[in-house]
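Here is how names work: the chains are called A, B, and so on, in the same order as the sequence lines, proteins then strands, and each is numbered from 1. From a predicted model like this one, the values you see are computed outputs, not experimental measurements.
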Number of protein chains: 2
Amino acid sequence: MARKKRYRTSPQRERILELLRNTDIHPTADWVYEQLKKEFPKLSLGTVYRNIRILVQEGLLQRIPAGSTFDRFDGNLKTHYHVICDQCGKIVDLDIPVDETLEKKVRQCTDFTILRHRVEFHGICPECQSKTKKGGLKWQED
Amino acid sequence: MARKKRYRTSPQRERILELLRNTDIHPTADWVYEQLKKEFPKLSLGTVYRNIRILVQEGLLQRIPAGSTFDRFDGNLKTHYHVICDQCGKIVDLDIPVDETLEKKVRQCTDFTILRHRVEFHGICPECQSKTKKGGLKWQED
DNA sequence: GTTCATGCAAATCGTTTGCACAATG
DNA sequence: CATTGTGCAAACGATTTGCATGAAC
């Protein structure tokens, strides 16, 4: 049986968590890296990834695989819903009440142990809409 | 202004779509490749990715970025909900009614154009539960 | 015939990891 | 001082892409 790993504190890890808790833009790892490079000039991307991974594992951060090529992260652990722009990838928090009965319903029709659920709305954000002037149904024309 | 690209039919593309329409296991690109290699011995992974990408783009397939390292795909285009095993990545369709009022609610509190929504329940599947015998809260012990 | 699709291999890119050294408890 | 964290660079793995050839329209 494996002994529980004991994480120490490090300025880098603390700042990463703090940064992600104080923003609502659901940043990428690279964004975090760019921000903290100002404070830690020798910071490496590997350290950012390593720490984010640990923080997610410890349940202090949420990973959002939003369909893009890279993951995004959320320091807000309360269940809440997101709107995602299919064009630019922007993620915005939604202010609608979480349906508390949903998980209960699902528990009745599956033998999975349900831990949490996630709701994403997909669409196009206002900024991208205005860019796609007389836009039809086809974004990403070639 | 770019002219609309005209896609032709190819046996490979047709079979990829058919395959994904006739399974409910939400396969990876690699799974599709392995299946079709039997029919097309010279098939290449690149072709699978290229076609899946086109089919998703044309709205004939759904991409499911389920948090794992690789994407999964779904030939079922009707809105429906998924349960995802956080341990083995298995994705299972849920048979609960889709909340049709949700998108309407969201449209009222955001200026995104909402096209669709997605609901995922996360947890542990029965198989993984029995593997984690006297399991506590920590999967992926080290 | 022009355009699109294929197989193959090389390239890309987000993320992970091995290593030597510094920092934590 | 035993263990964990860091920076750096190399490794990894899923996906994409350039190219020459073959198929579709």
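- Side-chain atoms of Ser130(A) come within 3.5 Å of backbone N or O of Pro126(A) as a donor-acceptor pair.
- Residue Gln12(A) places at least one side-chain N or O under 4.0 Å from the OP1 or OP2 atom of dG7(D).
- Atom P of nucleotide dT3(D) and atom CZ of Arg13(A) are separated by 17 Å, given to the nearest angstrom.
- Comparing dG7(D), dG7(C), dT15(D) by their closest approach to the side chain of Ser44(A) singles out dG7(D).
- Both Pro11(A) and Phe73(B) sit near DNA chain D, but only Pro11(A) has its closest nucleotide nearer the 5' end.
- Here Thr47(A) reaches the OP1 or OP2 of dG7(D): one of its side-chain N or O atoms lies under 4.0 Å away.
- In the set dT6(D), dG14(C), dT16(D), the nucleotide with an atom closest to the side chain of Tyr49(A) is dG14(C).
- Which of dG25(C), dG7(D), dT15(C) sits closest to the side chain of Ala29(A) comes down to dT15(C).
- Not a single donor-acceptor pair, N or O on each side, falls under 3.5 Å between the base of dG5(D) and the side chain of Arg53(A).
- Residue contacts for Thr9(A): at a heavy-atom cut-off of 4.0 Å it reaches the sugar-phosphate backbone alone, with no base atom in range.
- Rounded to whole Å, the distance from NZ on Lys42(B) to C1' on dG22(D) is 12 Å.
- Here Arg50(B) lies in heavy-atom contact (under 4.0 Å) with a base.
- Here dT6(D) presents its C1' atom at 17 Å from CZ of Arg15(A), a figure rounded to the nearest Å.
- For Leu45(A) and dT6(D), the CG to C1' distance is 13 Å, given to the nearest whole Å.
- Heavy atoms of Asp71(B) sit under 4.0 angstrom from primed sugar atoms or phosphate atoms, though from no base atom.
- Side-chain N/O atoms of Glu103(A) and His117(A) include a donor and acceptor closer than 3.5 Å.
- Contact of Arg8(B) with dT3(C) (side chain to base): a donor-acceptor pair of N or O atoms is detected under 3.5 Å.
- The CD1 atom of Ile52(B) sits 16 Å away from the C1' atom of dA5(C) (whole-angstrom rounding).
- Looking at heavy atoms from C-beta onward, Val106(A) lies in side-chain contact with Ile96(B) at the 4.5 angstrom threshold.
- Atom CD of Glu39(A) is separated from atom P of dG7(D) by 12 Å (rounded to the nearest Å).
- When rounded to the nearest whole Å, the span between CZ of Phe70(A) and P of dT16(D) equals 13 Å.
- Ion pairing between a basic and an acidic side chain is recognised when a charged N comes within 4.0 Å of a carboxylate O; Asp86(A) and Arg116(B) show such pairing.
- Atom P of nucleotide dT24(C) and atom CD of Glu14(A) are separated by 10 Å, given to the nearest angstrom.
- For Ser10(A) and dT6(D), the shortest distance from a side-chain N or O to OP1 or OP2 is below 4.0 Å.
- Between Thr101(B) and Asp99(B), the side chains place a donor N or O and an acceptor N or O closer than 3.5 Å (distance only, hydrogens not considered).
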